[in-house]
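All residue numbers in this chain count up from 1 along the given sequence.
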Amino acid sequence: MAGPLLQGYGLAAALRSRAALRPLGLLVPPSRGVADLGPGHGEAALEENPFYGKYRHKIQELRRSNPDVFESRMEKRTEVKKQPVGYSNQGEFIRCMEEKAKGLGSKTSRGGFTKGKTLDSILNVEMVKEKSAEEIKQIWNQYFSAKDTVYAVIPAEKFNLIWKRAQKCPSFLYALPRKEGYEFFVGQWSGTELHFTSLINIQTQGESAPSQLVLYHFPDLQKEKGIVLMTAEMDSKFLVVHEAQCLANQVQLFYATDRSETYELVETFNCRSSEFKYMSVIAELEQSGLGRELRPGQVSDKSQS
């Protein structure tokens with residue numbers, strides 16, 4: 001089981017790794033310290049990705065059902081070679097996420113996620129209104145402590161900042177530490193839900209790429225109690241709890257930061273996509289220390305409290 005996110009989207013200890021961009025959103029330690037973009041052509045480039053096996057079925061299904069779309073997306077990957085090291089042209093990618101956001105309007109999300117999840121479906125809201133914010137926090141943490149999920153009690157002021165910035169910049173690229181390096185995920189806000197989808201999924205499936213993690217934020221008690229409750233649903237075929245928690249923690253890192261240089265990455269991704277640098281995301285993770293428990297050879301996963 002996973003504990004609550006430290007201070008309502010907490011951070012873990014230090015990452016120490018230089019990295020280089022590889023095909024389909026993977027960052028791995030470079031040889032001789034050289035950043036190598038190195039994407040190949042077509043399916044051969046996909047197979048170089050250490051995460052190819054996990055997504056093989058979906059990729060092959062796309063190739064069989066719509067070979068023209070598959071070939072078109074493989075051809076677009078060769079354009080990465082023309083970009084400066086560490087840069088990414090996110091314009092087309094962001095447009096894809098905007099199309100995906102439109103598809104989040106249906107009542108039921110793909111992948112079995114609950115669309116329009118309400119706090120009333122979890123708590124008796126009228127009953128807990130009689131309790132203090134601290135008592136509600138204890139109830140929330142106790143309820144989810146026995147479940148394999150991510151959860152948090154976020155101070156109202158912090159959520160106000162996150163929410164204000166999410167309205168202006170609804171998408172961002174997150175890096176998840178893996179044994180092989182880093183796997184990129186995109187977070188897309190839809191109302192108070194934050195949907196995460198792996199970059200390889202978006203590159204192969206476009207706007208139809210399903211969510212793999214959804215963070216549900218409940219502002220029902222925000223004004224009266226000064227807290228926002230959060231929990232999550234995830235696709236366990238692609239993510240485990242501590243990986244989902246690492247992605248959730250990064251929401252605070254990038255959206256609730258007081259450091260202007262950190263939030264500027266979010267603004268750049270959304271507003272000046274041609275200037276966005278993958279490597280800057282990794283640099284921020286290294287400075288924050290987030291994700292050490294996901295790295296091989298580090299201390300085993302522990303709940304944060």
Check your understanding: Just wondering, are more than 12 heavy atoms of other shown residues or ligands nearer than 6.0 Å to CD in Gln142?
Key -> no
Point to revise | Separation between NZ of Lys129 and CG of Asn124, rounded to the nearest 0.5 Å | key: 10.5 Å
Check your understanding: Between atom CG of Leu176 and atom CG of Leu239, what is the distance when rounded to the nearest 0.5 Å?
Key -> 6.5 Å
Point to revise | Tyr143 ring center near Tyr151 ring center (under 6.0 Å) | key: no
Exercise for review: Using a 4.5 Å cut-off on heavy atoms from C-beta on, say whether the side chain of Phe254 contacts that of Val281.
Suggested key: yes
**Study point:** Atom of Cys169, atom of Glu267 and distance for their closest heavy-atom approach
**Key:** SG-CA, 3.9 Å
Practice item. Decide yes or no on side-chain contact (heavy atoms from CB on, under 4.5 Å) for Val128 and Trp140, but give the supporting numbers first. Key: CA-CA 10 Å; Val128 299; Trp140 191 258; over 6 Å; no
Study note, to complete from the structure: Interatomic distance, OH@Tyr216 vs NZ@Lys115, rounded to 0.5 Å, equals 8.0 Å
Exercise for review: Heavy atoms only: give me the nearest Tyr263-Thr257 pair and the separation to one decimal.
Suggested key: N-CG2, 3.7 Å
Check your understanding: Does atom CD of Glu157 have more than 12 heavy-atom neighbours from other groups under 6.0 Å away?
Key -> no
Check your understanding: Between CG of Leu173 and OG of Ser280, what distance do you get to the nearest 0.5 Å?
Key -> 11.0 Å
**Study point:** Derivation of the side chain to side chain donor-acceptor pair (under 3.5 Å) call for Thr262 and Glu284
**Key:** CA-CA 7 Å; Thr262 301; Glu284 290 297 329; 2.9 Å; yes
**Study point:** Evaluation steps, side chain to side chain donor-acceptor pair (under 3.5 Å), between Lys147 and Thr231
**Key:** CA-CA 11 Å; Lys147 300 179 181 296; Thr231 189; over 6 Å; no
Review point. Can you tell me if Arg178 uses its side chain to pair, donor with acceptor, with the backbone of Glu183 under 3.5 Å?
Key: no
Practice item. Check the pair Phe113 / Asp235 against side-chain contact (heavy atoms from CB on, under 4.5 Å), numbers first and verdict last. Key: CA-CA 9 Å; Phe113 294 102; Asp235 188 336; 4.3 Å; yes
**Study point:** Stepwise side-chain contact (heavy atoms from CB on, under 4.5 Å) check, Val241 with Thr149
**Key:** CA-CA 6 Å; Val241 173; Thr149 191; 5.7 Å; no
Point to revise | Joint cluster assignment, Leu253 & Trp163, ILVMFWY side-chain distance < 4.5 Å | key: yes
Review point. For Ala232 and Leu215, which heavy atoms make the closest approach, and how far apart are they?
Key: CB-CD2, 3.6 Å
Exercise for review: Could you go through the side chain to side chain donor-acceptor pair (under 3.5 Å) check for Glu275 and Thr268 one step at a time?
Suggested key: CA-CA 7 Å; Glu275 301 174 17; Thr268 302; 5.2 Å; no
Practice item. Output the distance between atom CZ (Phe184) and atom CD (Gln203), rounded to the nearest 0.5 Å. Key: 10.5 Å
Review point. Does His217 offer a backbone N or O that forms a donor-acceptor pair with the side chain of Thr192 under 3.5 Å?
Key: yes
Review point. Among Gln250, His242, Glu243, which residue meets the side chain to side chain contact (heavy atoms under 4.5 Å, CB included) test with Cys246?
Key: Gln250
Check your understanding: Taking the six-membered ring for Trp, are the ring centroids of Tyr174 and Phe196 within less than 6.0 Å of each other?
Key -> yes
Study note, to complete from the structure: Taken to the nearest 0.5 Å, the spacing of Ile136 CD1 from Leu221 CG works out to 5.0 Å
Review point. Nearest heavy-atom pair of Ala175 and Tyr182: which atoms, and what distance?
Key: CB-CD2, 4.0 Å
Check your understanding: Which heavy atom of Pro177 sits nearest a heavy atom of Leu290, and at what distance?
Key -> CG-O, 4.5 Å
Point to revise | Parallel, tilted or perpendicular: rings of Phe276 and Phe269 (30°, 60°) | key: perpendicular
Review point. So, Glu233 and Thr114: side-chain donor and acceptor under 3.5 Å apart, yes or no?
Key: yes
Practice item. For Ser171 and Val266, work out which heavy atoms get closest and say how close. Key: O-CG1, 4.4 Å
Exercise for review: Verify side chain to side chain donor-acceptor pair (under 3.5 Å) between Gln188 and Thr197, making sure each step is shown before the conclusion.
Suggested key: CA-CA 8 Å; Gln188 171 72 44; Thr197 308; over 6 Å; no
